[in-house]
Student: 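If you scroll down you'll find the structure; I have some questions about it.
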Protein chains: 2
Amino acid sequence: MSRSPLVSTPVPEVDSVDEVLALVRARGGRATTARRLLVQALFDHGGHLSAEELAAEVQATSPDIHVSTVYRNLEELERLGVVTHAHLGHGPATFHLATRRHGHLVCEECGTTIEAPLSLFESLSKQASAKLGFAVDPVHSAVMGRCRRCRTR
Amino acid sequence: MSRSPLVSTPVPEVDSVDEVLALVRARGGRATTARRLLVQALFDHGGHLSAEELAAEVQATSPDIHVSTVYRNLEELERLGVVTHAHLGHGPATFHLATRRHGHLVCEECGTTIEAPLSLFESLSKQASAKLGFAVDPVHSAVMGRCRRCRTR
DNA sequence: TTCGATGCAAATAGTTTGCATTCTA
DNA sequence: TAGAATGCAAACTATTTGCATCGAA
């Protein structure tokens with residue numbers, strides 16, 4: 001039995017801000033205010049926050065933390081495997097904790113993002129792997145379409 | 001039997017540059033040099049060309065056709081249903097003729113785009129529709145992952 | 001000869017980078 | 001106090017828009 005592409009990326013077990021910061025320190029990094037607030041924001045809001053929105057969140061407490069700092073920290077947290085981003089069609093990338101693994105369905109009409117359980121991607125993953133040798137990563141993906149409300153409207 | 005979301009968008013039957021331009025004229029539009037060259041480029045290269053690349057293509061013949069003109073024309077052709085675009089992760093959007101309907105698999109590592117037959121998306125479409133009321137549009141979607149070469153490398 | 005289309009420049013959104021300064025460990 | 005991280009400004013990429021001019025019908 002081969003390893004499923006659905007579980008190909010091992011995600012560190014982190015359930016709290018402090019655990020993430022411990023991970024950061026273990027790598028030689030430092031626990032700064034910006035870092036702590038960013039991680040807190042990621043824990044507070046489940047997902048689908050853009051860098052800009054996360055910056056706003058963080059700035060509510062610490063007004064002069066810059067967006068570029070948020071970007072740099074998100075990059076770092078992604079390297080640590082704590083954070084994941086997804087590109088959702090037109091708009092900016094969105095970020096969430098890597099533990100909250102799900103796919104993304106994005107409505108072309110109203111822009112709403114729906115979290116999709118990974119099970120929806122199973123058949124696609126199997127076929128893509130078998131026929132094309134391609135290992136699907138549903139977490140980074142955005143599947144466009146039309147949401148229920150916009151369909152019936 | 002309900003209408004499948006996979007065939008929800010009717011695509012005009014256009015097999016040549018002139019047919020597209022006729023469509024444009026029928027709508028009160030004009031057959032300009034820029035338009036003709038752009039449509040030609042779309043017919044020549046199957047797909048996955050960004051606006052920038054299409055501009056370069058067109059500029060090989062007519063050097064001072066501007067990118068903004070290409071964007072405006074792509075928008076217009078999309079309104080006519082002749083052209084489709086897809087967002088492929090990080091990079092720019094890519095455009096192709098709407099008759100060439102396919103999904104997109106994008107390698108996160110090397111950036112290669114693979115055309116995927118719509119059949120791969122059938123199970124995902126059915127489940128998304130049944131469970132979430134969401135009509136998947138595989139043509140506009142990019143599914144991220146890892147291609148065969150990068151996996152085995 | 002009209003009005004749709006173009007060229008150009010400038011605006012915009014999202015993201016990245018260089019550099020001097022600050023602050024954690 | 002060394003070096004990691006930050007703030008700020010500026011660069012960069014992809015795309016859109018305003019406006020005067022041009023050209024297809």
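Within every chain, numbering begins at 1; the chains are lettered A, B, ... in the order of the sequence lines, protein sequences first and strands thereafter.
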Student: Of all the choices, C:dA25, D:dT6, C:dT15, which nucleotide is nearest to the side chain of A:Ala31 once you look at every atom?
Tutor: C:dA25
Student: C:dG4 P sits how many Å from B:Asn73 CG, rounded?
Tutor: 15 Å
Student: Return yes if a side-chain donor-acceptor contact under 3.5 Å exists between A:Glu115 and A:His104, otherwise no.
Tutor: no
Student: Tell me: CZ of B:Arg36 to P of C:dA5, nearest whole Å?
Tutor: 14 Å
Student: Out of C:dG7, C:dT24, D:dT6, which has the shortest distance to the side chain of A:Arg30?
Tutor: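 Output: C:dT24.
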Student: Does A:Thr69 put a side-chain nitrogen or oxygen below 4.0 Å from OP1 or OP2 of D:dA5?
Tutor: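 Negative; the distance criterion is not met.
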Student: Would the base of C:dG4 count as contacting B:Arg27 through its side chain, where contact means a donor and an acceptor less than 3.5 Å apart?
Tutor: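 No such pair is found, so the answer is no.
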Student: Rounded to whole Å, how long is the line connecting atom NE2 of A:His87 with atom P of C:dG14?
Tutor: 13 Å
Student: Whether the A:His45 and A:Glu57 side chains hold a donor-acceptor pair (N or O, under 3.5 Å, no angle test) is what I'd like checked.
Tutor: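 On atom types as modelled, these side chains qualify, holding a pair under 3.5 Å.
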Student: Does B:Arg151 come within less than 4.0 Å of B:Glu109, counting only side-chain N to carboxylate O?
Tutor: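 Judged by the 4.0 Å cut-off on N to carboxylate O distance, B:Arg151 and B:Glu109 do not form a salt bridge.
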Student: Of all the nucleotides listed (D:dT6, C:dT17, C:dT15), which has the minimum atom distance to the side chain of A:Ser68?
Tutor: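 Of D:dT6, C:dT17, C:dT15, C:dT17 is nearest to the side chain of A:Ser68.
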Student: So if I take every side-chain heavy atom of B:Thr32 and compare against D:dC8, C:dC8, C:dA5, which nucleotide ends up nearest?
Tutor: C:dA5
Student: Nearest whole angstrom, please: distance from the C1' of C:dT17 to the CG of A:Leu74.
Tutor: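 Between C1' of C:dT17 and CG of A:Leu74: 16 Å.
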Student: Quick one: is B:Tyr71 getting a side-chain N or O under 4.0 Å of the D:dT16 phosphate, OP1 or OP2?
Tutor: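 Indeed not, no polar side-chain atom of B:Tyr71 lies that close.
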Student: Mind calculating the distance between CD (B:Glu76) and P (C:dT6) to the nearest angstrom?
Tutor: 10 Å
Student: Taking only Lys NZ, Arg NE, NH1 and NH2, and the carboxylate oxygens of Asp or Glu, determine whether B:Glu75 and B:Arg72 approach each other closer than 4.0 Å.
Tutor: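 Looking at B:Glu75 and B:Arg72, the cut-off is not met.
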Student: Check every strand shown and say whether B:Gly29 touches a base, only sugar-phosphate, or nothing at a heavy-atom separation below 4.0 Å.
Tutor: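 The residue B:Gly29 makes sugar-phosphate contact but no base contact.
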Student: Hey, which sits more toward the 5' end of DNA chain D by its nearest nucleotide, B:Val67 or B:Arg25?
Tutor: B:Val67
Student: To the nearest Å, give me how far apart CG (B:Leu54) and P (D:dA14) are.
Tutor: 13 Å
Student: Rounded to the nearest angstrom, tell me the gap between atom NE2 in A:His66 and atom P in D:dT6.
Tutor: 13 Å
Student: Tell me if the side-chain of B:Arg72 makes a donor-acceptor pair with the base of D:dG18, cut-off 3.5 Å, by modelled atom types.
Tutor: yes
Student: Can you check the A:Glu75 CD to C:dT17 C1' distance for me, whole Å?
Tutor: 11 Å
Student: Where the side chain of A:Ala93 is defined as all heavy atoms beyond and including C-beta, which of C:dT15, D:dT6, C:dC8 is the nearest nucleotide?
Tutor: C:dT15
Student: Between A:Glu76 and A:Arg27, does at least one N-O distance fall below 4.0 Å, as a salt bridge requires?
Tutor: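 Here A:Glu76 does not pair with A:Arg27 in a salt bridge, since their nearest N and O are not under 4.0 Å apart.
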Student: Mapping B:Pro92 and A:Asp64 to their closest nucleotides on DNA chain D, which lands nearer the 5' end?
Tutor: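 The residue mapped nearer the 5' terminus is A:Asp64.
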